[in-house]
Structure formats: C-alpha cells, structure tokens
Amino acid sequence: MKRIILTIAVASLAIGGIAVAQTRAPAHHQARAEAEEGDEADEAEDNAALAARAKLTLVQAQDIALRARAGEVKDHELEAERGGSGLRYSFDILSGGKTFEVGVDAETGAVLENAGEGPNPD
C-alpha cells in the first residue's frame, strides 16, 4: 500500500511540475516577443534617422553599385560607417557565382568598396 501511495505522490509531483512549467512558458515567450518588437522599432527608428541624412535615395545608390559591379542585389543596408561622409549604402551583389560587397557613399555617390565578401560577411 505504501508503494502505491508513493507512486501516486511521485506522479502527482511530476504532473504538477509540468503544469507549472506550461503556465510559465507563455509569459517567457511573451516577454521575448515584446523585446524583439522593441528591437525592431528601435532599428526602424535608427534607419529612418540615417535615411533622413542621406542625399542619395536607395534607388540612386543601387544604380551606382550595379554600374560598379553588374549582378543581382541580394541584400542592402544603409549604415553609419567610417570612410567617405560616414554614411553609406552597402549592397551584397551576386556576380559570377560570388558575392561582392559594394559600398556607395550616401552623400556623394562615390564607390567606397567593391570587393568579394570574405569568410565572415556582415
């Protein structure tokens, strides 16, 4: 009889632990989702501030980049980075089976970089 009671007690504790874990999980996931939404909002705000400083549009910069390196644009970003005016559009361009990073100054339109991506791309 003691074994039956012990078995029931152990099973009850195990089930209770699972129930507690399940009630806590949604709150954890909710907090992570809210943090990610906050990060995305911060990033969008940063991007808007950078775009306001740029004298060239994304389309204009992309045209310049594609003239410097013909291919297919796979990714792009506007970033504050050393060199030139300090604000550049960076394009990942697939050309001849290889990815190249082409940087275009967002104020002057000068090509700041046109090189194959290394083993650790941005």
Side-chain angles (χ1 to χ4, degrees):
M1 183 68 158
K2 287 182 184 179
R3 283 186 179 211
I4 294 173
I5 293 172
L6 183 58
T7 303
I8 292 171
V10 169
S12 296
L13 288 174
I15 291 170
I18 292 170
V20 168
Q22 287 179 343
T23 59
R24 289 185 184 164
H28 172 73
H29 291 299
Q30 178 70 25
R32 184 184 313 162
E34 289 173 0
E36 288 174 0
E37 287 175 8
D39 290 346
E40 289 173 5
D42 290 344
E43 186 176 334
E45 194 172 295
D46 292 343
N47 289 343
L50 290 176
R53 289 180 37 206
K55 292 184 179 169
L56 291 166
T57 66
L58 173 64
V59 172
Q60 291 169 323
Q62 183 170 305
D63 286 345
I64 293 167
L66 288 171
R67 276 187 258 132
R69 174 71 60 182
E72 179 183 354
V73 174
K74 291 300 199 176
D75 194 19
H76 62 82
E77 65 181 324
L78 178 59
E79 57 193 349
E81 194 168 300
R82 291 188 328 206
S85 68
L87 185 61
R88 76 165 57 191
Y89 287 98
S90 182
F91 298 92
D92 291 340
I93 298 177
L94 183 62
S95 178
K98 186 174 178 185
T99 301
F100 293 84
E101 183 167 354
V102 179
V104 176
D105 190 294
E107 290 186 17
T108 66
V111 175
L112 303 172
E113 180 180 14
N114 185 357
E117 290 233 322
N120 301 314
D122 292 335

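A distance of 7.0 Å separates CD of Glu113 from CD of Glu81, quoted to the nearest 0.5 Å. Note that the CG atom of Asp63 and the CG atom of Leu56 stand 10.0 Å from one another [nearest 0.5 Å]. In this structure, CG on Leu50 lies 13.0 Å from CZ on Arg88, to the nearest 0.5 angstrom. A distance of 10.0 Å separates CG of Leu87 from OG1 of Thr108, quoted to the nearest 0.5 Å. Taken from CG in Asp105 to NZ in Lys55, the straight-line distance is 9.5 Å, to the nearest 0.5 Å.
Panel note: side chain Tyr89, backbone Ala65; no donor-acceptor pair is recorded below 3.5 Å. With hydrogens and angles ignored, the 3.5 Å screen pairs a side-chain donor or acceptor of Ser95 with a backbone N or O of Ala70.
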* After noting the C-alpha distance and the side-chain angles of Leu58 and Leu78, does the key distance pass the side chain to side chain contact (heavy atoms under 4.5 Å, CB included) rule? -> CA-CA 8 Å; Leu58 173 64; Leu78 178 59; over 6 Å; no
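Minimum interatomic distance between Glu101 and Ser90 (heavy atoms only, all atoms of both residues): OE2-OG, 2.6 Å.
Residues Val73 and Phe100 are members of separate hydrophobic clusters, defined by side-chain heavy-atom contacts under 4.5 angstrom among Ile, Leu, Val, Met, Phe, Trp and Tyr. Grouping the Ile, Leu, Val, Met, Phe, Trp and Tyr side chains by contacts below 4.5 angstrom, directly or via other members, places Ile64 apart from Leu94.
Under the 3.5 Å distance criterion, with hydrogens and angles disregarded, no donor-acceptor pair is assigned to the side chains of Thr99 and Asp92.
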